[in-house]
Amino acid sequence: ANEVQLGGVDLVAKPFAREPPARLLIFGDSWAAGDGCTPAWPEVMAERLGWSTLNFAEGHSCSSGLAEQARSLQRTFALGHPLHDDAWAIIHTGGNDLWFAPTREFAAVAAAGVASAACCWRWEPPALLQGIATNVLELATRLRGMGVRNVAFVGIPLTAQMPLIAKLTGSLERLPVVGAVGGACSARLMAHLNAMHQRALDQARRRFVQIATVGGPPPAQATPPSPRTSGAGPLGVPRRRSPSFSSSPALARTPSMGTIYEKGGKVAAVCLDEASAIDAVISRAPHAKAGEWWHDGSHPSAALHDAL
């Protein structure tokens, strides 16, 4: 007597069955959740493309919280929510890993950036950045098992344009050892850190492509360290919005697009360099005030989300 059916679908057991197929799945932290300033740029992009979205991102979450976000997606699918055959997932995470990192791990990241900026040696990503990439890879692999074929890897927006980062790196510039780096320390330091972070994400992207390939070759890189742990909390019902990626030149230039073909169809994985995109957006409006781009010291304004 309690059953409700529509078109042969049990809407009690499958209450999301009549929703439009999700074309974009969003995972990660406050930048993807749009905390303090919604909608976030992934949702802005989806709305412009006419894509239906499911947003599982949670503010203050670390990359280890992606596992719980994946379980939220599983519960949503169990309630009947359909998935588009060519759905994309955006994974935006890592900032809180850095922010809440123990002093020793944070110092290791900073030291690697300073050393890389001070010389021409190509430093390997520190363990903290490798751990973020590992957690992103694990989520991407789980998503592939749930039928998601396309994944965009987005990490920490390591740019000196962010007021909080500019303040932190400005303090570092007063240290004698950092002074050896030379002029424009903040921008150079962040550029080198971002390059290391992008290399770690790209290794994870390549590994994902290999895993998704039927009978693909063994991985060329060593397996990254074990994922970090954190106290990221569970999520409730995801937000849903119904109405190629952004046409931003900075994003379009991203070189690490990897597309493979398998028996089930096309699989795509891409790393998006968000820090470079932010630099490009702000450089095109040199007379704009910082308050126009930033909601607070570490989160974009609606204008920056829209531009990204």
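Under the side chain to side chain contact (heavy atoms under 4.5 Å, CB included) criterion, Pro300 pairs with Trp31, Leu304, His305, not counting sequence neighbours. In terms of the side chain to side chain donor-acceptor pair (under 3.5 Å) criterion, residue partners of Ser30 (sequence neighbours excluded) are, by chain and number, His299. Here Asn96 pairs with nothing under the side chain to side chain donor-acceptor pair (under 3.5 Å) rule; sequence neighbours left out. Legend: residues meeting side chain to side chain contact (heavy atoms under 4.5 Å, CB included) with Ala160, ordered by chain and number and at least two apart, are Ser186, Met190. The side chain to side chain contact (heavy atoms under 4.5 Å, CB included) search around Ala303 returns Trp293, Ser301, not counting sequence neighbours. Remark: Arg48 pairs with Val44, Asp306 by the side chain to side chain contact (heavy atoms under 4.5 Å, CB included) rule, at least two apart or across chains. When the salt bridge (charged side-chain N to carboxylate O under 4.0 Å, His left out) test is applied to Arg23, the partners found at least two apart in sequence or on another chain are Asp86.
Residue Trp88 holds its CH2 atom at 4.5 Å from CG of Asn150, rounded to the nearest 0.5 Å. Of the inter-residue distances, the one linking Leu54 atom CG with Leu83 atom CG reads 8.5 Å to the nearest 0.5 angstrom. Distance check: Ile91 CD1 to Leu201 CG gives 9.5 Å after rounding to the nearest 0.5 Å. Taking NE2 of His92 as the start and CG of Leu272 as the end, the distance is 9.5 Å to the nearest 0.5 Å. Residue Leu158 holds its CG atom at 7.5 Å from CG of Leu129, rounded to the nearest 0.5 Å. In this structure, CG on Leu128 lies 5.5 Å from CD on Glu105, to the nearest 0.5 angstrom.
We find that Arg199 and Asp202 are not joined by a salt bridge, their nearest charged nitrogen and carboxylate oxygen being 4.0 Å or further apart.
Judged purely by atom type and a 3.5 angstrom limit, Gln69 uses its side chain to pair as donor or acceptor with the backbone of Gly28. When atom types are taken as modelled, the side chain of Thr93 and the backbone of Val136 share no donor-acceptor pair closer than 3.5 angstrom.
Looking at Thr159 and Asp279, their side chains do bring a donor and an acceptor atom within 3.5 Å of each other. Side-chain N/O atoms of Arg75 and Ser72 include a donor and acceptor closer than 3.5 Å. In this model, a donor atom of one side chain and an acceptor atom of the other lie less than 3.5 Å apart for Asp97 and Ser63.
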Taking it one step at a time, do Phe56 and Thr76 satisfy side chain to side chain contact (heavy atoms under 4.5 Å, CB included)? CA-CA 10 Å; Phe56 298 92; Thr76 303; 3.6 Å; yes

Does the pair Leu308 and Ile278 meet the rule for a side chain to side chain contact (heavy atoms under 4.5 Å, CB included), with working shown? CA-CA 7 Å; Leu308 289 173; Ile278 292 170; 3.9 Å; yes

From CA spacing to verdict: side chain to side chain contact (heavy atoms under 4.5 Å, CB included), Thr141, Arg207: CA-CA 9 Å; Thr141 304; Arg207 178 63 177 136; over 6 Å; no

Residues Asn194, Ser276; criterion side chain to side chain contact (heavy atoms under 4.5 Å, CB included); working and verdict: CA-CA 9 Å; Asn194 186 54; Ser276 295; 4.1 Å; yes

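Exactly one of Ile165, Leu193, Asp29, Ile132 qualifies for a side chain to side chain contact (heavy atoms under 4.5 Å, CB included) with Ile156. That residue is Ile132. Of the options Arg142, Met146, His81, a side chain to side chain contact (heavy atoms under 4.5 Å, CB included) to Leu73 is made by Met146 and by none of the others.
Residues Pro157 and Met162 are in side-chain contact: their nearest non-hydrogen atoms beyond the backbone lie under 4.5 Å apart. Between Glu19 and Phe16, some side-chain heavy-atom pair lies under the 4.5 Å cut-off. Two residues are said to be in side-chain contact when any heavy atoms from C-beta on lie closer than 4.5 Å; Trp294 and Asp296 fail this criterion.
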